[in-house]
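Quick caveat: nothing in here was measured; it's all calculated off a predicted structure. Convention: sequence-line order gives letters A, B, ...; per-chain numbering from 1.
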There are 2 protein chains.
Amino acid sequence: MLLTLAEKVHRFTELKSAIGDISQRVLTQTLRQLERDGLVHRCVYPTVPPKVEYRLTPLGQSLLNPLNGMIQWALYHHETIKAARDTYDRGQLAPQVMNHSDPLTYGERPQARRRDVIG
Amino acid sequence: MLLTLAEKVHRFTELKSAIGDISQRVLTQTLRQLERDGLVHRCVYPTVPPKVEYRLTPLGQSLLNPLNGMIQWALYHHETIKAARDTYDRGQLAPQVMNHSDPLTYGERPQARRRDVIG
DNA sequence: CGGAATCCGAGCAGATACTG
DNA sequence: CAGTATCTGCTCGGATTCCG
């Protein structure tokens, strides 16, 4: 949302289609919160049909710097994190269906969380 | 959580009391997610009583930089944001209790969102 | 000590319908 | 166009209980 408003001023519907996967309800709520916090400025033109513009305030723009730091980090480490998740998930779930009423029959390990145990 | 682990390695209960207002359930969930993403390393000592240590991985430490950027921003602008919220809220709710079955009797404005309207 | 399992209520978010 | 209002499913999180 903030990044979309960072590139240019947007109208409501314009903002919705730019973000894509967001409901109109959540879009309104989020905009209201950002406006309440003073990060976004809302400007209403009483025309027919109505026109409402949303733009970042100076405070909102000042958030772009630390925000971009987070985004850069996420982009840079995204693949690493996905790999870590794959590794983790592979260690958690059993290869086949486990039958606990007939234990140790299918060669499953008694306890799953065996990683990183010292001793 | 990450900041707490940034200062030193923590055990489970130690981590809980350091953070303070967090349930044991959410603490576990959060730690599992961070472990899954490869940000936190979990080390179990099979002693009696059991001992589990949590520490940041290099990946987790690399997140501290952009994270601190956000935190610094929040600390610096916290008062400004609180003030913006007060101003916003004061414009939203009516001074006294509103009686809609007897409209416009108590001098309330017909529509509340009158701010920033051009025209 | 370090959890897992269960129950349950509050709040979030999607879908839909309506409006000035 | 730019919302508001309402209903509803679902997830989140707290509290509690139990365990090796």
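- Side chain of A:His77 to backbone of A:Leu75: no donor-acceptor contact under 3.5 angstrom is found.
- Which of C:dG20, C:dG2, D:dG13 sits closest to the side chain of B:Val26 comes down to D:dG13.
- Look at CZ on A:Arg25: it is 18 Å from P on C:dC18, rounded to the nearest Å.
- Rounding to whole angstrom units, CG of residue B:Leu15 and C1' of C:dG3 are separated by 14 Å.
- When the side-chain nitrogen and oxygen atoms of B:Thr28 are compared with OP1 and OP2 of C:dG3, none of them lie within a distance under 4.0 Å.
- Atoms CG (B:Asp21) and P (D:dA15) sit 9 Å apart, rounded to a whole Å.
- Atom pair B:Tyr45:OH and C:dG3:P shows a separation of 13 Å (rounding to whole Å applied).
- In this structure the side chain of A:Thr4 never reaches within 4.5 angstrom of the side chain of A:Tyr54, judged on heavy atoms.
- For C:dA4, the OP1/OP2 oxygens have a side-chain nitrogen or oxygen of B:Arg32 closer than 4.0 Å.
- The minimum heavy-atom distance between A:Ala6 and A:Leu64, with the atom names listed, is CB-CD1, 3.6 Å.
- Side-chain to base pairing of A:Gln29 with D:dT4: no donor and acceptor N or O lie closer than 3.5 Å to each other.
- Rounded to whole Å, the distance from CD1 on B:Ile22 to P on C:dG3 is 13 Å.
- A:Ile19 places its CD1 atom 16 Å from the C1' atom of C:dG14, with the value rounded to the nearest Å.
- As a whole-Å value, the separation of A:Phe12 CZ from C:dG20 P is 18 Å.
- The phosphate of C:dC1 has neither OP1 nor OP2 within less than 4.0 Å of any side-chain N or O from B:Arg11.
- What separates CG of B:Leu27 from P of D:dG14 is a distance of 11 Å, to the nearest Å.
- Remark: the backbone N or O of B:Ile22 is paired with a side-chain donor or acceptor of B:Lys16 at under 3.5 angstrom.
- Comparing B:Ser23 and A:Gln24 by the nucleotide of DNA chain D that holds the closest heavy atom to each, the one mapping nearer the 5' end is A:Gln24.
- Within the structure, a side-chain polar atom (N or O) of B:Arg42 is placed less than 4.0 Å from OP1 or OP2 of C:dG3.
- A heavy-atom distance below 4.5 Å is found between the side chains of B:Leu34 and B:Met1.
- Contact annotation: A:Tyr54 does not reach the phosphate of D:dC1 (side-chain N/O to OP1 or OP2, under 4.0 Å).
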